[in-house]
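The model shown is predicted, which means the values in this text are computed figures rather than measured ones. Reminder, nothing fancy here: chain letters follow the sequence lines and each chain counts from 1.
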Amino acid sequence: MIDLKYVEKNFDEAAARLKKKGVDTQTLEKLKTLFGQLKEANAALEAAQAEQNSMSKLFGQYKREGKDIGELKAKVDANKERIAQLQEKAREAEAVLYEVALAIPNFPDDSVPEGEDEEDNVELRKVLEPRVFDFEPLEHWALAEKNGWIDFERGVKLAKSRFSVLRGDAARLERALINFFLDTNREKGFEELCVPFMNNAQMLQGTGQLPKFEEDLFKIEDEDLYLIPTAEVPLTNMYNDEILSEEKLPVLMTGYTPCFRKEAGSAGRDTRGIIRQHQFDKVEMVAIAHPDKSDEVFEMMVQNASDILTALGLPHRVVELCGGDLGFSAARTIDLEVWLPGQNKYREISSISNTRDFQARRAKIRFKDGKKNRLVHTLNGSALAVGRTLIAIMENYQNEDGSIEIPEVLKKYM
RNA sequence: AGACAGGUGGCCGAGUGGUCGAAGGCGCACGACUGGAACUCGUGUAGGGUUAAUAGCCCUCGAGGGUUCGAAUCCCUUCCUGUCUGCCA
């Protein structure tokens, strides 16, 4: 959630910053008004409560002294009714305010380039030269078919469309990749965690998936539980409603989880192959950082993900997202796009974001800064999306006969 | 899933209707003592909102509701934890 006091005090600046993300001034105006109304309602309520408290104290005193309490009782009763009304008002004001506030995306950093969509993203650098093929490279689904690696039909039979089954060496390669990623992250100082794949609503609100993006989540029937769309949710919320000591920062975590997404709104996109599935594996990095240090941590995470791709010999490019392409919670995001010779283009394989204090405010993650409690910065990034890495290996390491080489660094895992 | 017992500050733990956001202890921080340390002594130490304020005021003793002038304390609902039984990897 964005800082309401900041919006109140620096309205024009806040409006200008959010414009980059496509939020109109009207919405922000509404937010400011509602915030003012809530404060007013609370002030009135608190005044009445203060009065009630002091009258209640008098009440006890009168009784002890044997004074007549008739008149006081009448006053107290009247005030009680008033409090109930004021409380109702304040509650209403709060509900309305939060409905709006929770749906407003994070401020982008000033350094984020202007732009509408991914067309306006800025390429920062390319790493590794794409291989030159002396034959026509195939797309991953064609290679999968040749090698018997992916059983699309049975995935659909077991579940429904956008599910699949990896078979034989593909399944082994998937597992090898997970291990390779986790080991690499661990060597960089990330603690390895194995977390629940279902989280409750409060956690999903903490990281920003709820309440606005419920339609993209799988919900467990009759339970306050959702299948996680990314390990960012459990890892970041490890410290939900906690106060960390400053020396603990940054907290670096990594974990492998499957990710579950309904992909509502992407019907017809990437239907061939396993680029876009309802369930996919991902190894995630999450950092909880001191606000002054989150930029450093961010750079480290981008470098780490890029290094993993380099170690696998996969050509990729580093792209800074423009304001319009930035996710809901992110203040800044860098995507890594891997080269897919079969598709003849770069495709997203990792997305690293600094959410500043946006998630921290929602999830109440703070640290002790001297005497005061301050919000931390939270960061997350894939290192890496496993299924898409598998695709990248298939396409980049294919031979003319359709067979696929195993990258050197993975051999000890197979 | 059933039965019973519980959920209080970073931790342990007292508190069964007002003087309690809360005794005492541990831990932690600062200070005194010391050559330095341990010990000892003193002081401080929950979160959130409002506010210029670390002043005042309000809210919070798992959560929600109720009784009452007044609830950590009484009642209801719910969630969670522990133990036993059942089931299972």
Looking at side-chain heavy atoms only, is the closest gap between Ile150(A) and Val165(A) below 4.5 Å? no
Could you name each residue pair satisfying salt bridge (Lys or Arg N to Asp or Glu O under 4.0 Å) that touches residues 239-259 of chain A, not counting sequence neighbours? Asp241(A)-Arg366(A)
Over all strands shown, is Asp241(A) touching base, sugar-phosphate only, or nothing at heavy-atom distances under 4.0 angstrom? nothing
With rounding to whole Å, what would you report as the distance between rG66(B) and rU50(B) at their C1' atoms? 29 Å
Euclidean distance for C1', rC39(B) against rU45(B) (whole angstrom): 22 Å
Please check if any side-chain donor atom of Ser294(A) sits under 3.5 Å from a side-chain acceptor atom of Asn354(A), or the reverse. yes
Tell me what Leu58(A) touches on the nucleic acid: a base, only sugar-phosphate, or nothing, going by heavy atoms under 4.0 Å. nothing
Could you say whether Lys368(A) or Lys372(A) is positioned toward the 5' end of RNA chain B, judged by the nucleotide with the nearest heavy atom to each? Lys368(A)
Partner of Thr355(A) by side chain to side chain donor-acceptor pair (under 3.5 Å), out of Thr378(A), Asn106(A), Asn380(A): Thr378(A)
Along RNA chain B (nearest heavy atom to each residue), the more 5'-positioned of Met55(A) and Asn42(A): Asn42(A)
Bracket string, RNA chain B, 5' to 3' - pairs by Watson-Crick or G-U geometry under 3.5 Å, | interstrand: ((((((((.[[[..)..(.....]]]((((((.......))))))(((((.....))))).[[[[[..)....]]]]])))))))....
Donor-acceptor pair present, Glu46(A) side chain and rG49(B) base, under 3.5 Å: yes
Look at all strands and tell whether Arg361(A) reaches a base, only sugar-phosphate, or nothing, counting heavy atoms closer than 4.0 Å. nothing
Could you check whether the rings of His278(A) and Phe218(A) sit parallel, tilted or perpendicular, using 30° and 60° as the cut-offs? perpendicular
Examine Phe107(A) together with Tyr6(A) and report whether their ring centres are nearer than 6.0 Å. yes
Inter-nucleotide C1' distance (rU78(B), rG7(B)), Å rounded: 13 Å
Straight-line distance of Tyr226(A) OH to Met198(A) CE, nearest 0.5 Å: 13.5 Å
Starting at CG of Asp224(A) and ending at C1' of rA63(B), how long is that distance when rounded to a whole Å? 12 Å
Please work out if Asp77(A) contacts a base, only the sugar-phosphate, or nothing of the nucleic acid, heavy-atom cut-off 4.0 Å. sugar-phosphate
